[in-house]
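Structure first, commentary second.
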Amino acid sequence: MTAKTLASLLNNVAVQRLIGEPLVPVQSLTYDSRRVEPGSLFVAIRGQHSDGHQFIDQAIARGAVAVVVDQRYWDERPVAVPVVVVADSRVALAPLAAAFYDYPGRELTTIGITGTKGKSTTTDVTAQLLAATGRMVGMISTVDFQIGNRRWPNDTRQSTPEAPEVQALLREMVTAGCDTAVIEATSHALSPRWGRLVGCAFAVAVMLNIGHEHLDYHGTFEQYRADKAQLFALLGERSGSRWAIVNADDPNHAYFLDAAPADAVRLRYGLHEPADVQGQILHSGPMSSVVRVTSPWGTTDLTVPLPGRFNASNALAALTVALSQGVALEAAAAALAGVRAPRGRMVPIDAGQPFAVIVDYAHNPDSFEQIFAMLRPQVQGRMIAVFGSAGERDVAKRAIQGEIAGRMCDLLVLTDEDPRGEDREAIIAQIAAGAERAGKRPGSGYLCIPDRAQAIRAAMAAAQPGDLVLLLGKGHEGSIIYADFSLPWNEEREARQALAELGYHRSHD
Ligand SMILES: CC(=O)N[C@H]1[C@@H](OP(=O)(O)OP(=O)(O)OC[C@H]2O[C@@H](n3ccc(=O)[nH]c3=O)[C@H](O)[C@@H]2O)O[C@H](CO)[C@@H](O)[C@@H]1O[C@H](C)C(=O)N[C@@H](C)C(=O)N[C@H](CCC(=O)O)C(=O)O
């Protein structure tokens, strides 16, 4: 980026005082002193573990040309470079970043997707759908980042990264020729306490569903809902057309529509309640579903190559976004039939075998409950689950996972997840204790096979036509961590390999 003056970055920032030269040129922007380079503006943030204000000297030593401090935490100590005192430095980060990167969101059709469940999948599916129908798409999701044809894993440990990362990615998208950005918008990111997505100039806001989650952060359900609804308020940053898209099946949908600017186009999609884009499930299986869609743009039958009714709803959300952006219904339906699940998220593995295989990242009691409850009604045969539990992490959950899986599945194959420094057999024994509580017995109800490759093979060998084999807990992760080494791992590839060994080779799923 070309240098900007400090003063030119402060337009939408609640500045209380500016001490020193306002026209100092700024070459980069960071909230981490360890990433400061000569010419950086360092934004000091008080966090949960440390206070960025303590690293101001370190930042200046590394070449920071100015600092932004939070009036609540700055001790007024003299600083050798210009200082901007703001009301809340965490909140200042997004407007600073948007200004620094020259508001790239305004040059894109920015699409924000929020909800409690299904954000990553819907973000990915929407990006795939728009790309397949001719858009040049960028994406920011928990699993991957994408700019045009380039895709790489999101290693930030955040679903919605901090504002400087978001704005830098959006600028890269513009430079690469993208016209559209699909952004997974978490409640943390949207919360006015953080406001990471301020400045994105959203053209489309999508609400998938609202459950009770993250109440430790938001305090109450009402606050959680209000924080998520910020996405719809952010449509107000956009000049020109904007769309507010909600799931009519969620009882909170009207609340979200109310948060959107009065002139935003409002669209509801739904499988059950009356909606503009109305879906009716004609068939729903463990690996795919067929949905009849009736909409102002016409009627068609949609093949959704993703497991579960829940994904039929997510697909309708993606379809509604595409329709709002002028994609013809038939073209959108054809593109949807070819989408893939994001890496490790409910990925059906179809090599032509007579039983279903799904790879998913589910690795805690909550996600176990959900995935089993969702898939159970769709499985004619038995449900076989392969999973483990992480070493050196939450010990209490192991037996609970075993108990839930024992209650809801027919056969469990207990194996390694990431044993780390712990005894792998001991972890498995703790899971097995939970399975025993649910009435499972070794041999008939559960098998203990620490070697994950062998465990997958044992599950496949046990599967009969109509059964479902669920491979859980690894998802997109690229390794199994042991005490002294990491075993490179690719669950999808391992599943395909195991199926190939049984004689099932079809690869174009
Ligand atoms: C728990 C939490 O909210 N953590 C966030 C927080 O970290 P923290 O409070 O621990 O930061 P800290 O270590 O105390 O440091 C405070 C400040 O000093 C800086 N620092 C620190 C050390 C140093 O040498 N120099 C320096 O400048 C840090 O860069 C930081 O700016 O501040 C960091 C910088 O802003 C965030 O990156 C970090 O997000 C972490 C990675 C995180 O996990 N956040 C979660 C809560 C999150 O954002 N989740 C949402 C939703 C997830 C969901 O829906 O499931 C998401 O969008 O991912």
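Just so you know, ligand 1 is whichever comes first in the structure, and atom 1 is the first atom listed for that ligand.
- Of the candidates Glu162, Gln158, Arg35, the one placing a heavy atom closest to atom 44 (N) of ligand 1 is Gln158.
- In Thr160, the parts holding a heavy atom less than 4.0 Å from any atom of ligand 1 are both the side chain and the backbone.
- Here Ser159 has heavy atoms under 4.0 Å from ligand 1 in both its backbone and its side chain.
- Screening residues 1-25 for ring pair (Phe, Tyr, Trp, His ring centres under 6.0 Å) gives no qualifying pairs among residues at least two apart or on separate chains.
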Going by atom type alone, with no hydrogens or angles, which donor-acceptor pairs under 3.5 Å involve a side-chain atom of residues 105-112 and a protein atom two or more places apart or on another chain?
{"unit_1": "Glu107", "atom_1": "OE2", "unit_2": "Arg171", "atom_2": "NH1", "d": "3.4"}
{"unit_1": "Glu107", "atom_1": "OE2", "unit_2": "Arg171", "atom_2": "NH2", "d": "3.0"}
{"unit_1": "Thr110", "atom_1": "OG1", "unit_2": "Cys200", "atom_2": "O", "d": "3.1"}
{"unit_1": "Thr110", "atom_1": "OG1", "unit_2": "Ala201", "atom_2": "O", "d": "2.7"}

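- Interface atoms of ligand 1 facing Ser33, defined by a heavy-atom separation under 4.0 Å, are 23 (C), 24 (O), 25 (N), 26 (C), 27 (O).
- Short contacts between ligand 1 and Phe42, defined as distances under 4.0 Å to a heavy atom of the residue, involve ligand atoms 27 (O).
- Ligand-side atoms of ligand 1 in range of Asp32: 25 (N), 26 (C), 27 (O), 29 (O), range being under 4.0 angstrom from any heavy atom.
- Side chain to side chain, Ser367 and Asn364 meet the donor-acceptor criterion of an N or O pair below 3.5 Å.
- In terms of polar-atom proximity, Arg46 is not counted as a contact of ligand 1, lacking any N or O under 3.5 Å from an N or O of the ligand.
- When the heavy atoms of Glu165, His188, Arg90 are ranked by distance to atom 35 (O) of ligand 1, first place goes to Arg90.
- Between Trp194 and ligand 1, no pair of N/O atoms sits closer than 3.5 Å.
- Atoms of ligand 1 lying under 4.0 Å from at least one heavy atom of Ile45, given by number and element, are 16 (C), 17 (C), 18 (O), 31 (O).
- Under 4.0 Å from ligand 1, the heavy atoms of Phe55 that appear belong solely to its side chain.
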For this session: Before giving the answer on side-chain contact (heavy atoms from CB on, under 4.5 Å), spell out for Thr114 and Ser187 the whole-Å C-alpha distance, their side-chain angles and the decisive distance to 0.1 Å.
Result: CA-CA 7 Å; Thr114 196; Ser187 55; 5.6 Å; no
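- When Ala44, Ser50, Gly47 are checked for heavy-atom proximity to atom 13 (O) of ligand 1, Ser50 turns out nearest.
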Problem set entry | Chi angles and distances behind the side chain to side chain donor-acceptor pair (under 3.5 Å) call for Thr116, Tyr224 | CA-CA 10 Å; Thr116 303; Tyr224 176 53; 2.9 Å; yes
For this session: Could you walk me through whether Ser159 and Thr186 pass side chain to side chain donor-acceptor pair (under 3.5 Å), step by step?
Result: CA-CA 7 Å; Ser159 297; Thr186 63; 5.9 Å; no
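- Not one N or O of Gln58 is nearer than 3.5 Å to an N or O of ligand 1, by distance alone.
- Side-chain contact between Lys474 and Asp418 is present, with at least one heavy-atom pair separated by less than 4.5 Å.
- For ligand 1 and Arg196, the ligand atoms under 4.0 Å from any heavy atom of the residue are 47 (C), 48 (O), 56 (C), 57 (O).
- Under 3.5 Å, the side chains of Gln223 and Asp227 contain a donor-acceptor pair of N or O atoms.
- Note on Asp88 versus Arg72: salt bridge recorded, some NZ/NE/NH1/NH2 to OD/OE distance being below 4.0 Å.
- Annotation for ligand 1: atoms under 4.0 Å from non-hydrogen atoms of Gly52 are 18 (O).
- For Lys119, no nitrogen or oxygen atom sits less than 3.5 Å from a nitrogen or oxygen atom of ligand 1, counting backbone and side chain alike.
- Counting heavy atoms from C-beta on, the side chains of Asp75 and His53 never come closer than 4.5 Å.
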